[in-house]
Amino acid sequence: MIYASQSLGDLWNWLLQQFAELCGSLGIPEVIRYMVEKGAYAVGLLVFISLTALVMIYMERKVSAHMQLRYGPMWTGGWHGWSQTIADMIKLLLKEDIIPDKADRWVHRIAPIVIFVPSLIGFLVIPFDKYLIGADLNVGILLVFGFSSIAVLSIFMGGWASNNKYTLLGGLRSAAQMISYELPLVLSVLGVIMTVGSLKMSDIVMAQKDVWFLFTPNLLGFIIYIIAGTAEVNRTPFDLPEAESELVSGYNTEYSGLKYGFFMLSEFTNTFIISAIAATFFMGGWNGPSWLPGIVSFLAKTYLIVFLLMWFRWTFPRLRVDRLMDFGWKFLLPLSFFNILMIAVWVLVKK
Amino acid sequence: MNDYLAVFIFIVMALGFTAAGLITAYLVRTSRPSLKKNETYECGEEPVGGAWIQFNMRYYVFALLFVVFDVEAVFLFPWAVVFKSFGVSALVELLVFLGILLAGLLYAWKKGSLQWE
């Protein structure tokens, strides 16, 4: 039986059971059933991602506006300009696709696909609720990092193929920045993995049933993760790749229409993934008060981190290139090694 | 059931989603190319030379350093998973491994490879 107070994960699990019974009575093979189940989940996920992107762009505008004592979009759609991002999406769809004559046409075309598809795949292993996880792989977190690092390749492809000096500089800076901050990012979650002893997302959430890792010595890992994550998704104060005052728009200067839209959307989906991983690894994922559905507490934590990243944007000025690289290699990297050692000693002492 | 099948299904669907978007855009968008519009954008100036030029050696050095450290980070993941069950011996091994790693970092630091000019 299903009750209204139960969460979305339980509902999904119940639906799966019903479907399995139906398939059993009709004699449908296991493989077909599995593919239909995962296909349905994937469709739901794609709808969710589209809505998330729309909500996050609207949120970014409103948060930015209110931090600068403005209103932001107010007219489109009536109430507080709620449909502004939808209108923008339609506009991007209708815009002319301009490929410069001197550009490498095919690489220029492929680059937005190369950045967008991997940024969607990370969502598959994010545990939204108890049963609401696309594939609970035993290498869960590695899949996210593996696919999200493909973004570097795409940004460089876009910057190089446009055959424009601004895009080239933006692409090069971005590649250098993202590979430098990927190391602290990957190393900072090692502390949590050591405490849990598993790479599986559901195990990591389960281990935080009583106390979030944020309130253990893993706090240092969380701080490193947030800083490196901000750099990884090219947000201010680490937004040198698209420093608009010097590089026009960075690597995506020569893009227009939906191809530009893919670059922009993947920035928001990557921000969501970084925040969702932070919520899963350090803030207990779907764990929360028992009266709150798991997905609500998960999304609340994720959007708290998203808000924090937007807050950063209007608090810190942009770094200079040499200081950015110094900070990553000479401070964050040694600090994350120290973090691993500290957690190792802590885990042993606790045992 | 193999969970990687789900990953494969999702990759195919994500590609389909992206392709559907691009095809829709192709069908509905306008196309009026002109010589000036398709020029390389340089704030209205006539671009001098192409952009496929030699660039700073620094980027290459950092990419090389990244590959070294990323491979070592990959080695640390399986170690982290079994750390709890192995105990003190795993910690000693980590100290040796991190020692070598940090020696490499210090060498690169001293050599000036981390210096951005």
Side-chain angles (χ1 to χ4, degrees), chain A residues 30 34-35 38-39 42 46 93-102 113 116-117 120-121 124 134-137 142-143 163-165 167-168 172 175-176 179-180 182-183 186-187 190 193-194 197-199 248 253-254 257-258 262 321-322 325-326 329-330 333-334 337 340-341 344 347-348 351, chain B residues 1 3-7 9-11 13-15 17-18 21-22 24-26 28-33 37-43 47 50-53 55-56 58-59 62-63 65-66 69-70 73 76-77 80-85 87-88 90-91 94-95 98 101-102 105 109 114 116-117:
Chain A
E30 187 99 346
Y34 181 81
M35 282 172 77
K38 292 301 172 190
L46 287 174
L93 211 60
L94 294 172
K95 279 270 178 184
E96 186 179 351
D97 178 40
I98 301 168
I99 301 176
D101 285 333
K102 283 185 182 162
I113 304 173
F116 192 58
V117 173
L120 296 179
I121 290 162
L124 194 67
D136 201 4
L137 300 176
L142 277 182
L143 186 96
N163 199 353
N164 178 322
K165 283 150 204 154
T167 60
L168 177 74
L172 278 172
I179 61 176
S180 303
E182 196 167 309
L183 295 169
V186 169
L187 294 175
L190 268 177
I193 292 162
M194 276 151 68
S198 171
L199 295 170
V248 190
T253 302
E254 293 283 15
L258 195 67
F262 278 158
V321 182
D322 57 333
M325 300 304 272
D326 272 5
W329 286 94
K330 295 181 181 169
L333 191 61
F337 283 136
I340 293 173
L341 273 180
V347 169
L348 285 183
K351 214 169 83 170
Chain B
M1 196 58 60
D3 265 336
Y4 290 95
L5 185 61
V7 178
I9 292 171
F10 196 64
I11 290 176
M13 292 198 65
L15 275 171
F17 182 70
T18 316
L22 284 173
T24 319
Y26 176 76
V28 297
R29 71 177 172 227
T30 53
S31 179
R32 289 196 199 87
K37 196 190 277 175
N38 288 355
E39 236 176 32
T40 303
Y41 177 78
E42 221 160 88
C43 305
W52 292 335
I53 48 171
F55 48 80
N56 201 333
R58 290 283 148 223
Y59 293 107
F62 274 101
L65 274 176
F66 164 72
F69 280 96
D70 211 33
L76 281 176
F77 268 88
V81 173
V82 296
F83 174 70
K84 243 169 139 177
S85 48
V88 181
L91 181 65
L94 172 81
L95 282 174
L98 274 191
L101 233 127
L102 282 174
L105 184 67
W109 199 327
L114 301 181
W116 193 276
E117 287 150 14

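Chain naming here is simple, since letters A, B, ... match the order of the sequence lines and numbering starts at 1 in each.
For B/L98, the part lying under 4.5 angstrom from a heavy atom of chain A is the side chain only. Both the backbone and the side chain of B/F77 come within less than 4.5 Å of a heavy atom of chain A. With a 4.5 Å cut-off on non-hydrogen atoms, B/L95 touches chain A through its side chain but not through its backbone. Proximity to chain A (any heavy atom under 4.5 Å) is restricted, for B/L91, to the side chain, taken from C-beta onward. For A/I121, the parts sitting under 4.5 Å from any heavy atom of chain B are the backbone and the side chain alike. Heavy atoms of A/F116 lying under 4.5 Å from chain B belong exclusively to its side chain. Contacts of B/F83 with chain A are made by side-chain atoms alone, with heavy-atom separations under 4.5 Å and no backbone atom involved. Interface residue B/F69: backbone and side-chain heavy atoms are both found under 4.5 Å from chain A. Only the side chain of A/L333 has a heavy atom closer than 4.5 Å to any heavy atom of chain B.
With contacts defined as side-chain heavy-atom distances shorter than 4.5 Å, the pair B/L105/A/W329 qualifies. Residues A/D97 and B/R29 meet the side-chain proximity criterion, which asks for heavy atoms closer than 4.5 Å.
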### Message
side-chain contact (heavy atoms from CB on, under 4.5 Å), that's the test. Do A/L94 and B/T30 meet it? Break it down for me.
### Response
CA-CA 7 Å; A/L94 294 172; B/T30 53; over 6 Å; no
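Between the CZ atom in A/F337 and the CG atom in B/L101 there is a gap of 4.5 Å [rounded to 0.5 Å].
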